Chemist: 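Please see the structure below; I have some questions.
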Protein chains: 2
Amino acid sequence: MESRSLRYFVAVAEELNFARAAERLGISPPPLSRAIRRLEAELGVTLFERTTHSVTRTPAGDVLLAEARVALDALEAAGRRARRAAEGPKLVLAVKADGDAGLLEPILARYASQPGSLPVAVRLCGWQEQPRLLRAGEADVALVHAPFDGTGLDTETLAAEPRVAVLAAGHPLAARDRLELADLGLDARSVERHIDEARRGHDDLAQVLTAVALGKVVTLLPASVTSRYPRPGVAYRPVLDAPPVVLSLAWPRQSRSTATAALVRVATEIAEAARNGA
Amino acid sequence: MESRSLRYFVAVAEELNFARAAERLGISPPPLSRAIRRLEAELGVTLFERTTHSVTRTPAGDVLLAEARVALDALEAAGRRARRAAEGPKLVLAVKADGDAGLLEPILARYASQPGSLPVAVRLCGWQEQPRLLRAGEADVALVHAPFDGTGLDTETLAAEPRVAVLAAGHPLAARDRLELADLGLDARSVERHIDEARRGHDDLAQVLTAVALGKVVTLLPASVTSRYPRPGVAYRPVLDAPPVVLSLAWPRQSRSTATAALVRVATEIAEAARNGA
DNA sequence: TGGGTTTACGAAGGTCGTAAAGATT
DNA sequence: AATCTTTACGACCTTCGTAAACCCA
């Protein structure tokens with residue numbers, strides 16, 4: 001099983017078109033066609049049903065596509081991790097802006113005070129990037145909000161914090177002390193989707209808050225964010241039955257790094273202390 | 001990053017000798033030497049410190065060795081899983097002989113009764129083989145006893161059952177109703193090691209019991225085993241402070257199979273029912 | 001000086017691209 | 001008839017193996 005074969009396969013499996021896949025790979029269709037046939041012969045399995053005008057994956061093709069992505073990721077990650085190891089031991093922690101529930105600073109401080117701790121670089125990144133960074137070997141640990149794609153990752157839950165509704169100050173519901181999901185026309189299942197939609201088109205939290213202040217949108221945020229972003233024109237109101245935001249630490253499953261383990265341990269300690277102290 | 005480079009690298013990294021590694025790969029030393037140099041150039045990293053009479057891994061080489069094994073496993077597993085998918089959907093459950101605490105039959109029966117369940121093949125295998133089978137794509141789920149190498153695996157704990165001491169009937173301690181680890185000259189930390197040593201040189205449980213009956217060895221077993229292997233000449237005695245045997249279900253982290261998920265769910269239900277019913 | 005790695009060079013194998021054929025909508 | 005996949009074939013590139021050079025214990 002050669003990695004080149006799998007890369008070719010993934011291109012075809014995603015494009016479902018040999019010509020486009022070949023272009024994407026920077027080769028011409030004939031070698032690609034042959035490579036796929038060789039792969040099928042090697043596996044003894046038909047991966048695509050092809051007619052001249054349509055290419056579809058067989059069930060085996062579906063399985064191989066999912067597995068091949070994982071394997072090729074692991075391959076690239078191996079190289080990157082070796083490169084990083086040569087640059088000197090260091091931990092990279094991927095964090096979404098404003099996504100740390102105030103835990104980031106104490107975690108870093110406490111970890112740095114541990115004997116034998118490594119330098120930690122905080123990498124700010126987008127919400128959806130985090131699992132990819134971990135799998136690609138570009139980050140060692142990530143502070144993630146559930147739900148996320150945990151494929152190939154190990155996780156430890158740090159905190160679950162309540163959500164508050166974020167409303168324009170003049171919004172009728174802002175007159176109330178506390179809300180329920182039904183007041184917002186939501187239920188437990190639709191919350192995540194609604195938040196995603198409210199976030200769409202905004203680069204950061206400030207933009208979202210501006211949209212809220214203008215009365216364009218209503219959304220939900222972790223309670224910890226509100227204390228750090230007080231803002232005239234925006235009201236925060238507890239939502240009693242909103243599912244809490246689950247903040248977890250995630251890292252690649254195969255990680256054997258003691259440094260990662262130490263960071264995780266420190267983080268859980270801090271999170272527990274925060275729970276008990278609050 | 002090509003898989004061939006990594007295979008070559010792993011051979012050298014494990015042998016720490018270009019000539020032996022080349023022989024193992026079935027090629028001659030010069031191409032191997034060149035391939036490693038190319039890999040080092042591609043990564044921009046020195047992987048080995050070599051003199052004419054010694055080859056040692058750099059820290060980056062250590063990291064790459066660990067990562068490369070994972071990546072190459074994933075590559076081979078991708079092929080095997082695709083092959084298995086083509087042979088018809090089926091679940092392979094890896095079980096160590098006598099290692100199921102009596103849960104295997106009810107799990108299989110209950111799973112088979114689920115709508116849409118797949119045929120399940122039980123693969124008997126050794127204790128240490130299970131993680132490898134999962135990572136290699138030869139099994140979908142395994143019933144494992146902690147501790148085990150969970151790298152790349154996800155797990156769910158099914159049951160924790162007490163251990164009993166296994167003694168020759170004439171052993172002085174067999175006169176007592178219950179024991180403690182200290183009676184056996186053990187403590188919590190040395191239990192696993194002692195059990196491993198007692199098992200050494202025996203193919204299966206029957207052989208171990210014979211050795212016990214002959215007074216050659218004393219060991220510990222999960223309580224569930226004793227009821228299924230009553231045997232004259234062998235006495236089973238509870239050990240109050242022995243750490244329990246943790247029986248878990250393990251499966252590859254990246255598994256998205258709904259069939260695997262259903263089996264895990266059924267197994268946890270059965271295990272819970274067994275706990276409450278006992 | 002000897003065992004082991006590395007360079008040199010000629011040869012084999014694999015992969016690629018262009019051109020043309022085949023097949024399906 | 002048009003478009004996409006596949007076969008045919010010649011050229012290129014990569015990798016291999018043998019032989020020799022090099023280097024450290």
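Letters A, B, ... mirror the listed sequences (proteins, then strands); counts begin at 1. Bear in mind that the values here come from a model prediction, so they are computed numbers and not experimental data.
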Chemist: Rounded off to whole Å, could you give me the CZ-to-P distance for the A:Arg20 and D:dT3 pair?
Modeler: 14 Å

Chemist: Indicate the ring-plane relationship of A:Phe48 and A:Phe18, choosing parallel, tilted or perpendicular according to the 30° and 60° boundaries.
Modeler: perpendicular

Chemist: Report the distance from atom CZ of A:Arg37 to atom P of D:dA8, rounded to the nearest whole Å.
Modeler: 12 Å

Chemist: Would you tell me if any nitrogen or oxygen in the side chain of B:Thr52 comes within less than 4.0 Å of OP1 or OP2 on D:dC24?
Modeler: no

Chemist: Between C:dT24 atom P and A:Arg50 atom CZ, what is the distance in whole Å?
Modeler: 13 Å

Chemist: List the atom of A:Leu133, the atom of A:Ala94, and the distance in Å for their closest heavy-atom pair.
Modeler: CD1-CB, 4.2 Å

Chemist: Would you find a donor on one side and an acceptor on the other, under 3.5 Å apart, between the side chain of A:Tyr111 and the backbone of A:Leu118?
Modeler: yes

Chemist: At under 4.0 Å between heavy atoms, what does A:Tyr8 touch on the DNA or RNA strands: base, sugar-phosphate, or nothing?
Modeler: sugar-phosphate

Chemist: Nearest to the side chain of B:His53, which nucleotide is it out of D:dA8, C:dT5, C:dG4?
Modeler: C:dG4

Chemist: Please figure out whether A:Ile27 or A:Thr51 has its closest DNA chain C nucleotide nearer the 5' end.
Modeler: A:Ile27

Chemist: Atom CD of B:Glu40 and atom P of C:dT5: how far apart are they, to the nearest Å?
Modeler: 14 Å

Chemist: Calculate the interatomic distance between A:Glu23 atom CD and D:dT5 atom P; express it in whole Å.
Modeler: 12 Å

Chemist: Using the salt bridge (Lys or Arg N to Asp or Glu O under 4.0 Å) definition, which of the options A:Glu14, A:Glu76, A:Glu2 pairs with A:Arg7?
Modeler: A:Glu76

Chemist: Could you tell me the separation between the CG atom of B:Asn17 and the P atom of D:dC24, rounded to a whole number of Å?
Modeler: 18 Å

Chemist: Separation of B:Glu15 atom CD from C:dG4 atom P, in whole Å?
Modeler: 13 Å

Chemist: Using atom CZ of B:Arg4 as one end and atom C1' of D:dC16 as the other, report the distance to the nearest whole Å.
Modeler: 10 Å

